[in-house]
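A short write-up of the structure that comes next.
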Amino acid sequence: MTYQQYDSLDYAQVAAEVLTYWNQNQVFEQSVALRDGQPDAPTNRFTFYEGPPSANGTPGIHHVMARTIKDIFCRYKTLRGFQVERKGGWDTHGLPIELQVEKELGITKDDIGKTISVEEYNRRCRETVMRFTDQWNDLTQKMGYWVDLDNPYITYKNQYIESVWSLLRQLYDKNLLYKGYTIQPYSPKAGTGLSSHELNQPGTYKDVRDTTVVAQFKAKLTGKSAYLFDAAESDDVYILAWTTTPWTLPANSALTVGKDIDYVLVRTFNAYTYQLVNVVLAKALVSRWFAEKNRVENMYDPAFDAYLLSEHTASQPIPWAVVMDMKGEHLTDIEYEQLMPYVQPSTPAFRVILGDFVTTEDGTGIVHTSPTFGADDFRVAQVAGIPPIMVKDETGKDVPIVDKQGRFVAEITDFAGRYVKEEYYSDEDRSDPDFKATDVLIAIKLKEENKAFRVEKYEHPYPHCWRTDKPILYYPLDSWFIRTTAVKDRLVELNKTINWQPESTGTGRFGNWLENLVDWNLSRSRFWGTPLPIWRSESGEEVCVGSIKELVDLATTALESGKLSDEQHERNDKFVTVVAGSALDPSVSFDLHRPYVDEIYLISPNGQLMQRESDLIDVWFDSGAMPYAQWHYPFENKEVFERSFPADFISEGVDQTRGWFFTLHAIGVMLFDSVAFKNVVSTGLVLDKNGNKMSKRLGNAVDPFQTLAKYGPDATRWYMITNAEPWDNLKFNVDGIGEVQRRFFGTLFNTYNFFALYANLDGYSIDSTRATDWVSREQLPELDRWILSKLNTLIRDVTEQYESYNPTKAGRLVQDFVTDQLSNWYVRLSRRRFWAGGTSQGELSLDKRAAYQTLQQCLVTVSQLMSPIAPFFADWLHRNLTSGQQPDATNSVHLTNWYSVDEAAIDTDLERSMELAQEVSSLVHSLRKGHKLKVRQPLSRVLIPVLSSDTRRQIEHVAPIIMAEVNVKAVDFVDDASGILKKKVKPNFKALGPRFGKQMKDVAAAITAMTSDELKSLEQAGTLHLDPYTLQLSDVEILTEDIPGWLVASEDGLTVALDVTVTDELRREGIARDLVNRIQNLRKDQGFDVTDKIRIELEPTDALLVEAVQMNSDYIRQEVQAVSLDLISDLNGNATEIDMDEFRLRLKVVVA
RNA sequence: GGGCUUGUAGCUCAGGUGGUUAGAGCGCUACACUGAUAAUGUAGAGGUCCGUGGUUCGAGUCCACGCAGGCCCA
């Protein structure tokens, strides 16, 4: 065979060609089919779950990153012999799609059902969601992501929805699905809840001036509070709490303090009633409410009596004194009198509780808590067992004291029917001179009742509804929940069995969050999503539907009941006819989305009409349900599901910790008591090169298609993977791809081309099936055995990294091997072996075969080790090196078996030897440079002081390599016995530390000051007494310092001395080598072929030159392939004149 | 405000369990090599290891408190 040679390489072109090859030969399909030995043997399977992207937007460069990670481990496991099926998928539901449709149609959610029908809206969503599928498929192909996109799961399909329903039904049956409420942003004027997304729109937060109240909550005298009453010597002890929403005060049922916050009890007077009060507030906020100048020494100060007896005016200074200090935890469980007793709670309330959200930034450090109007309040109250203040509506249901229009209910007698926010009144109402806001009326009432400590206007930002421009309320809204808290312990426990990469995401970000889990709010008030399959009657009868068949049966029963209206009957009939008529095939043209599903009516056992709860479910449930729903489990594919659950591996962005990672885990644990995935790699963000988030708006987003077209997928993937570990944020800089391309791929390509050039010249090809072609290990030269040892060490280390899901380290190892060891050392030092000798004898020399065989083996192995990361280039390289061996259609690196480590090839002693050779060479180069002795000038010897026979042996081993590399005639050693070695001793801190501790400084000084006699005695006896310390040999490091009269360089304990004497003979050799160099240049300048023989004629312009030529004639002729080298006194005009260092050269070179 | 995370040369990143002189690549400068050649090698310059305290004989590394960036939550 011949090896394809290349002048230059277009990496994108290479990838395109390889892609064509893959497609033509179905290499991906082959790679899966190949491992189809034992389909039921779990050890042979590696299951990957695709976290589906949404095709309603175009892919970005970060998708290349995320998918590269996924691809790497699936490819790697395939090479390891696993069958890795990768079913693709599309995420199709959710708010972004609704918003996009609304934007395109220029409508808002208000218009749905008015200017646009729900059917039409639904249809538009369905179209939008797959809009960019083509671009996604294109990216998938071009970046080399192997995933089955021919049979993807699609979350809006009826099969998928039916599976989701079945899961919900199972949760429902386990009593893990229930209806409750949460506190959400709510717009009374729009009559709807707002998502956090809507709340984050620009302009929703506006500065408003609200009436704020510091209310006085009167403490009750109990065991818990007695110490306050004792200290105050008074019955009037109040707890102060500040609120910017006084209208929530009638709903107060608790006060929240911070456990470790410092509080004080202050004696003072109420500014409105002038009554003596003792108030509790945070110490840090005393200055916020009390002027320092009015402070008095203590509670017995005469200023208090004086104030009491005075005529009170508003501007009169009010004296105050701190009575005592306490921590928040000492206030816990103190009871107080209800501030505005309109409505009584069902269970005991009105006490002080702890909360982690309390700060001393503002207010009093004590938070007025009303569980119906604050999310934090709701949460802490629930934990502390504090009931909300609620009233019964006409159906007997508990509702808050503010109705859905934002007005107080009748029970709040004084304010019944009043809007709680003044902005809800019309402009006309508000312009009435007598108009007073409800907050103001409440403040007045509290002042009169000695319940207001301070009332003031306060400007602060407050969220507004983006549709009505009116302030929102935080308000309890009905929701369906999954009772994840019921299985919290199991969630935590099973999470500990998952291998998280990086670990901190699993234990920290995810683990901590699980510890503080709340129930999963499943409800979304939207249109385009999986409908909640629960039907309910007015009186609360309900049914959770778990399959299409069940729904058909129920609808049929309803039809037969005779209780449906004509229209309801017609709708149900349509549904039943279509679905039942198709034998329940879920792919029939009945849409389970809104509005159609809402038009199915059921009848309860009591004969009441049941309608579907209007909620959709959180799209995250769709995603978390994919292990089951992608197979339409449990309706179909039971075995397929069972053998592919749980996943061995998944990967997504770290920002999805509480998204997909959680929902997969939660559903798996709740329904199957199992983890849903065993290994997970969470990936960081891809930022722009300045570390800013990429966004289309800012214009700093990188177009993945352009990048792939310019640099090719391999360099792009390699750069992304090796530059930063996947979970670190990547600062994406295209210059970095160029660097990877030059440094790694360029070097590898050059190395291959070098191999191909000579292999073709020599007609060399390797047939791995014929063992006789192989040079046995014993016969391999040192250099070959060394690089093969390195190669096997590399296989071992790279395998280890892939196994532990660290592609970055794997890639860096391969890269360092290729650039540093293989190219820079092995190939450079072996170059001569490839061109030396010819093929004229017909047989290649053993050494030459060894060189080809070794280099080929290295390259083939590298192609496999790199193939998970750079699949195209690796396959290109692999097939270039091997295409003679196998029928083409099945030849791909991706169809090979992972190389096992040849332990016998690993020779750490040899590796150490070569390291020493590299170090010695580097030191000699450094010395040469320092003395301006170029490498072409041979020198007689280097001298290496050695203290151990091991080191000596190891260097001797590679002395020929050193000699060739640095152009010296000999490598000599000086050991201890020579007597000329000067030794230096250094303390070994690591050994000394534990023994001497504080005395280290003294010991170190004593060691450094050691005389050479003392050192000698330490070396001989193995121990030395340096008063007052006794030292062991292992307590010191002995280094050689220098050799008197020699040039030395040292590094890492290794010292090298160079003999820089240039004898006449060396000088002549140097000139000869210079001459060779010039002639080689001429050969090239004149465009001679590598194999051309030449004749040389040379003018004897210099005596030294003549001598050099005469004495080294054989050498020169051999090097430049000259058949003759003649000294001719007069080369007329056609001689070339060349500058040598010390003289000019005239010569003529012609092809023989 | 909370959880997690990052901060080391101009840039991108390495730096098990603490050990005294902190490394690599790119870029820069100089030199070398010239049968891998729009390739390659060697050397040099370049550091307040984010800051402040602490533990220790010794801190880039451990602890505390900050600062700055990021993600996810409130």
Side-chain angles (χ1 to χ4, degrees), chain A residues 7-8 196 356-359 361 375-376 379 502 504-513 515-516 653-659 682 684-685 687 689 691-693 719 722-725 727-733 735-736 738-740 742-744 746-747 749-758 808-809 812 815-816 819-820 823-825 827-828 831-832 834-836 921-930 932-936 965-966 986-994 996-1004 1051-1052 1076-1078 1080-1081 1083-1085 1088-1091 1119-1121:
Chain A
D7 290 338
S8 66
S196 58
D356 53 10
F357 59 90
V358 181
T359 70
E361 304 254 301
D376 278 333
R379 186 166 50 83
S504 62
T505 303
T507 54
R509 186 188 272 253
F510 191 61
N512 289 349
W513 183 68
E515 296 286 351
N516 297 305
V654 69
D655 55 345
Q656 305 222 352
T657 311
R658 293 167 193 193
S682 65
L685 258 62
L687 308 169
K689 63 180 173 185
N692 299 312
K693 213 170 164 171
Y719 164 73
T722 57
N723 195 56
E725 294 192 311
W727 37 89
D728 280 343
N729 290 345
L730 171 69
K731 286 184 196 162
F732 187 89
N733 187 347
D735 295 344
E739 189 183 320
V740 158
R742 278 194 306 279
R743 177 149 185 82
F744 176 59
T747 304
F749 163 69
N750 276 330
T751 306
Y752 165 74
N753 235 8
F754 174 84
F755 170 83
L757 172 68
Y758 290 105
T808 304
K809 291 213 165 77
R812 286 176 180 172
Q815 181 169 318
D816 289 347
T819 57
D820 297 347
S823 169
N824 183 29
W825 196 252
V827 171
R828 202 155 51 78
R831 261 153 61 183
R832 177 168 284 271
F834 288 90
W835 75 68
S921 300
S922 164
L923 288 169
V924 173
H925 278 305
S926 171
L927 284 171
R928 275 183 171 276
K929 180 186 164 10
K932 298 204 181 302
L933 289 163
K934 49 190 182 181
V935 180
R936 231 181 275 134
E965 172 66 8
V966 299
K986 268 175 68 180
N988 178 354
F989 287 96
K990 208 163 183 168
L992 293 165
F996 293 103
K998 280 186 197 296
Q999 303 160 307
M1000 277 293 283
K1001 283 208 166 76
D1002 287 346
V1003 180
E1051 196 178 78
D1052 288 338
V1076 167
N1077 162 248
R1078 301 306 193 273
Q1080 298 286 33
N1081 284 351
R1083 283 185 62 119
K1084 234 171 61 186
D1085 290 348
F1088 292 178
D1089 197 80
V1090 172
T1091 51
E1119 285 296 302
V1120 300
Q1121 302 184 60

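Throughout, a chain's letter reflects where its sequence line sits, starting with A, and its residues are numbered from 1.
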- [ ] Just name whichever nucleotide pairs with B:G41, Watson-Crick or G-U, keeping both distances under 3.5 Å, else none.
- [x] B:C31
TODO: State which residues pass side-chain hydrogen bond (donor to acceptor under 3.5 Å, both in side chains) with A:Glu739; sequence neighbours excluded, sorted by chain then number.
DONE: none
- [ ] Go through the structure and list residues passing side chain to side chain contact (heavy atoms under 4.5 Å, CB included) with A:Asn729, not counting sequence neighbours.
- [x] A:Leu685, A:Leu687
Open item on the list: Test of understanding: with side-chain hydrogen bond (donor to acceptor under 3.5 Å, both in side chains), list the residues that count as partners of A:Lys731, not counting sequence neighbours.
Closed with: none
Open item on the list: Need the pair for B:G18. Rule: Watson-Crick or G-U wobble, both distances under 3.5 Å, any strand; none if unpaired.
Closed with: none
Open item on the list: Please name the nucleotide paired to B:G10 by Watson-Crick or G-U wobble geometry with both distances under 3.5 Å, or report none.
Closed with: B:C26
- [ ] Tell me, please, which residues at least two apart from A:Arg828 pass side-chain hydrogen bond (donor to acceptor under 3.5 Å, both in side chains).
- [x] A:Asn824, A:Glu965
Task: salt bridge (charged side-chain N to carboxylate O under 4.0 Å, His left out) involving A:Asp820 - partner list, sequence neighbours excluded - done: A:Arg743
Task: A:Arg928 side chain near B:A43 phosphate (N/O to OP1/OP2, under 4.0 Å) - done: no
- [ ] Ignoring backbone atoms, establish whether A:Arg936 has a side-chain N or O less than 4.0 Å from OP1 or OP2 of B:A32.
- [x] no
- [ ] Take A:Phe834 and A:Phe755, measure what ring pair (Phe, Tyr, Trp, His ring centres under 6.0 Å) needs, and give me the verdict at the end.
- [x] CA-CA 8 Å; A:Phe834 288 90; A:Phe755 170 83; 7.3 Å; no
Task: Results of side-chain hydrogen bond (donor to acceptor under 3.5 Å, both in side chains) for A:Arg928 - residues two or more places apart only - done: none
Open item on the list: Across nucleotides 6-14 of chain B, 5' to 3', mark each nucleotide with B, S or - according to how protein heavy atoms within less than 4.0 Å reach it.
Closed with: ------SSS
TODO: Apply side chain to side chain contact (heavy atoms under 4.5 Å, CB included) to A:Ser922 and list each qualifying residue two or more places apart in sequence or on a separate chain.
DONE: none
TODO: Considering only atom C1', compute the distance from B:G60 to B:G7 and round it to an integer number of Å.
DONE: 12 Å
Shorter than 3.5 Å, N or O on both sides, protein versus nucleotides 37-41 of chain B: list them out with atom names.
| residue | atom | partner | partner atom | Å |
| --- | --- | --- | --- | --- |
| B:A39 | O2' | A:Asn750 | ND2 | 2.8 |

